[in-house]
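The basis for the numbers below is simple: all heavy atoms, side chains too, and nothing from hydrogens, waters or symmetry mates.
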Amino acid sequence: MLDLASWLPQAEVLALGQRRRVNHDCGGGRTLLVEHKENGFAAWCHRCSQPGWHPHPQPSLAERIARLRAVREAEKSAEASSAPPTPTEFNPSLWPLEARVWLYKAGFNNDDIQRHGFYFAGRIQRVVLPVLRDWRVIYWQARGFDADRPKYLNPPVDKPIAYFGDSGPLVLTEDILSAARVGAVARGAAILGTSLGDPAIAEVVREAGGQPVRIWLDPDSAGRKGTAKARKALSLAGLSVSNIRSELDPKFYTRSEIEEFILSV
């Protein structure tokens, strides 16, 4: 195990999630990799072939309670406003690991995350997914990772349809991540749920421009019921509508698989 004095000061200057190659006192060259992880600081010297580890001190019960209370108060404040939560951290490498992994599992890399404007709001400890219209944020969802708190926060305004992609057939999905993934090969439209009200139906008709529409909601009971109702409503509105059936949510497929699903109906 590496001596703490030989690497810890270089690790302690890193922001959470950062890693860096630095010099080590065993010789020349940046052979020492230091990293600031969720639960402590880590090191590995490629010349010494030795690890280093120093855990973060555990917070007291009073500190944990105070932190939880502060986060919950921040969440209440966020939900009461239509403005996106702050502060904003757009660099995924500085996010908590579970926040990054959530998006990685849905097929997004760091470039994708930054291109879509997804960010981490440290005050509420959530990933924020903004919905843009004409380069203006009109809505947002904030995804949390604490089992004792709601999974999503939403602003106190009507849910819009979130569009991703500029060309191709219009594909309706339940959630923002699925629509963003679909938007790489077609025009994804997240209806932010499983139901379409009359204003949303009228909007889909306008956006479709007379072209066929595909519905690709999640493969659970709510998704199947929503698909049937949406197809009936859009068909009555004069659109040609088809369903896409899959075993997983759209966001869990590769780009080529998403394209194949869309073209096969």
Side-chain angles (χ1 to χ4, degrees), residues 79 102-103 105-108 112 116 118 127-133 138-144 150-265:
E79 280 193 299
W102 177 62
L103 288 173
K105 286 182 176 178
F108 296 87
D112 297 328
H116 288 301
F118 302 156
V127 173
V128 179
L129 310 176
V131 176
L132 303 178
R133 193 73 56 84
I138 62 169
Y139 193 81
W140 53 266
Q141 285 189 328
R143 172 61 152 87
K151 184 178 288 187
Y152 283 96
L153 297 183
N154 300 278
V157 297
D158 292 337
K159 292 180 180 180
I161 297 177
Y163 296 99
F164 296 85
D166 299 320
S167 60
L170 188 64
V171 182
L172 306 187
T173 71
E174 279 190 36
D175 62 272
I176 290 173
L177 298 188
S178 289
R181 292 294 316 286
V182 167
V185 297
R187 193 166 187 223
I191 63 175
L192 303 180
T194 59
S195 61
L196 284 172
D198 290 341
I201 291 169
E203 182 176 334
V204 170
V205 170
R206 290 195 305 271
E207 293 293 329
Q211 298 301 308
V213 171
R214 291 146 170 86
I215 303 175
W216 193 359
L217 304 189
D218 296 352
D220 53 17
S221 176
R224 290 191 293 271
K225 290 178 182 178
T227 295
K229 290 181 179 179
R231 180 168 186 170
K232 181 179 180 180
L234 293 174
S235 296
L236 289 174
L239 291 180
S240 173
V241 186
S242 57
N243 300 347
I244 297 178
R245 297 180 176 85
S246 60
E247 294 184 359
L248 304 174
D249 297 1
K251 58 182 172 284
F252 295 128
Y253 289 100
T254 65
R255 175 175 175 148
S256 60
E257 288 170 335
I258 290 172
E259 188 170 21
E260 185 175 348
F261 273 113
I262 293 171
L263 295 178
S264 65
V265 296

Chemist: Measure the CG-OH distance between Asp175 and Tyr152 for me, rounded to the nearest 0.5 Å.
Modeler: 6.5 Å
Chemist: What do the steps show when you test Val205 against Leu239 for side-chain contact (heavy atoms from CB on, under 4.5 Å), and what is the final call?
Modeler: CA-CA 7 Å; Val205 170; Leu239 291 180; 4.0 Å; yes
Chemist: Looking only at heavy atoms, what is the nearest atom pair of Asp218 and Glu174, with distance?
Modeler: N-OE2, 3.1 Å
Chemist: Looking at CG of Leu170 and CG of Leu234, how far apart are the two atoms once the value is rounded to the nearest 0.5 Å?
Modeler: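 Answer rounded to 0.5 Å: 9.0 Å.
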Chemist: Return the set of residues passing side-chain hydrogen bond (donor to acceptor under 3.5 Å, both in side chains) with Arg143 (not counting sequence neighbours), or none when no residue passes.
Modeler: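 side-chain hydrogen bond (donor to acceptor under 3.5 Å, both in side chains) check on Arg143 returns nothing, list empty.
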Chemist: List the residues meeting side-chain hydrogen bond (donor to acceptor under 3.5 Å, both in side chains) with Ser264, not counting sequence neighbours, and say none if there are none.
Modeler: none
Chemist: Return the CG to OH distance between Leu129 and Tyr139, rounded to the nearest 0.5 Å.
Modeler: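 Answer for the CG-OH pair, Leu129 versus Tyr139, is 11.0 Å.
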Chemist: Within the 4.5 Å heavy-atom criterion, are Thr227 and Leu172 side-chain neighbours or not?
Modeler: no
Chemist: What pair of heavy atoms forms the shortest contact from Pro160 to Leu192, and how long is it?
Modeler: O-CD1, 3.3 Å
Chemist: So for atom CZ, which belongs to Arg133, do other residues, nucleotides or ligands contribute more than 12 heavy atoms lying within a distance under 6.0 Å?
Modeler: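 Counting neighbours around CZ of Arg133, more than 12 heavy atoms of other residues, nucleotides or ligands fall under 6.0 Å, so yes.
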Chemist: Could you tell me which non-hydrogen atom of Thr173 sits nearest to which non-hydrogen atom of Leu217, and how far apart they are?
Modeler: C-CD2, 3.7 Å
Chemist: Please determine whether the number of non-hydrogen atoms from other residues, nucleotides or ligands lying under 6.0 Å from atom CD of Glu260 exceeds 12.
Modeler: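 Incorrect, the count does not exceed 12.
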Chemist: Would you check if Ile258 and Val171 make a side-chain contact, meaning some heavy-atom pair closer than 4.5 Å?
Modeler: no
Chemist: Hey, does Asp249 have a side-chain heavy atom less than 4.5 Å from the side chain of Pro219?
Modeler: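 Yes, side chains in contact.
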Chemist: Minimum heavy-atom separation for Ala186 to Pro169, with atom names?
Modeler: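 Heavy atoms only, the tightest pair is CB-O, 3.5 Å.
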Chemist: Once you round to the nearest 0.5 Å, how far does CZ of Arg231 lie from OG of Ser242?
Modeler: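 Taking CZ in Arg231 and OG in Ser242, the distance rounds to 6.5 Å.
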Chemist: If you take all heavy atoms of Ile176 and Gln141, which pair is closest and at what distance?
Modeler: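 So the two residues come closest at CD1-OE1, 3.8 Å.
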Chemist: Under a 3.5 Å distance rule, please check whether Arg181 uses its side chain to pair with a backbone N or O of Ala106 as donor and acceptor.
Modeler: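 Yes, the answer is positive, given that a donor and an acceptor are paired below the 3.5 Å cut-off.
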Chemist: Would you say that Ile262 contacts Ile244 through its side chain, given a criterion of any heavy-atom pair below 4.5 Å between the two side chains?
Modeler: yes
Chemist: Can you establish whether the number of heavy atoms outside Asn154 located under 6.0 Å from its atom CG is more than 12?
Modeler: yes
Chemist: When rounded to the nearest 0.5 angstrom, what distance separates OG1 in Thr194 from CD1 in Ile215?
Modeler: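 The OG1 atom of Thr194 sits 11.5 Å away from the CD1 atom of Ile215.
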Chemist: Can you tell me how far NE2 of His116 sits from CG of Leu177, rounded to the nearest 0.5 angstrom?
Modeler: 9.0 Å
Chemist: Does some side-chain heavy atom of Phe118 sit less than 4.5 Å from a side-chain heavy atom of Asp112?
Modeler: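 Heavy-atom side-chain distance check fails, nothing below 4.5 Å.
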Chemist: Which residue pairs satisfy the ring pair (Phe, Tyr, Trp, His ring centres under 6.0 Å) criterion with at least one member in residues 229-265, sequence neighbours excluded?
Modeler: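 As it turns out, the ring pair (Phe, Tyr, Trp, His ring centres under 6.0 Å) pairs with a partner in residues 229-265, which skip direct neighbours, are Trp216-Phe261, Tyr253-Phe261.
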Chemist: Would you check if the side chain of Arg255 reaches a backbone N or O of Ala184 as a donor-acceptor pair within less than 3.5 Å?
Modeler: yes
Chemist: Determine the minimum heavy-atom distance between Ile161 and Ala189, stating which atoms define it.
Modeler: CG2-CB, 3.8 Å
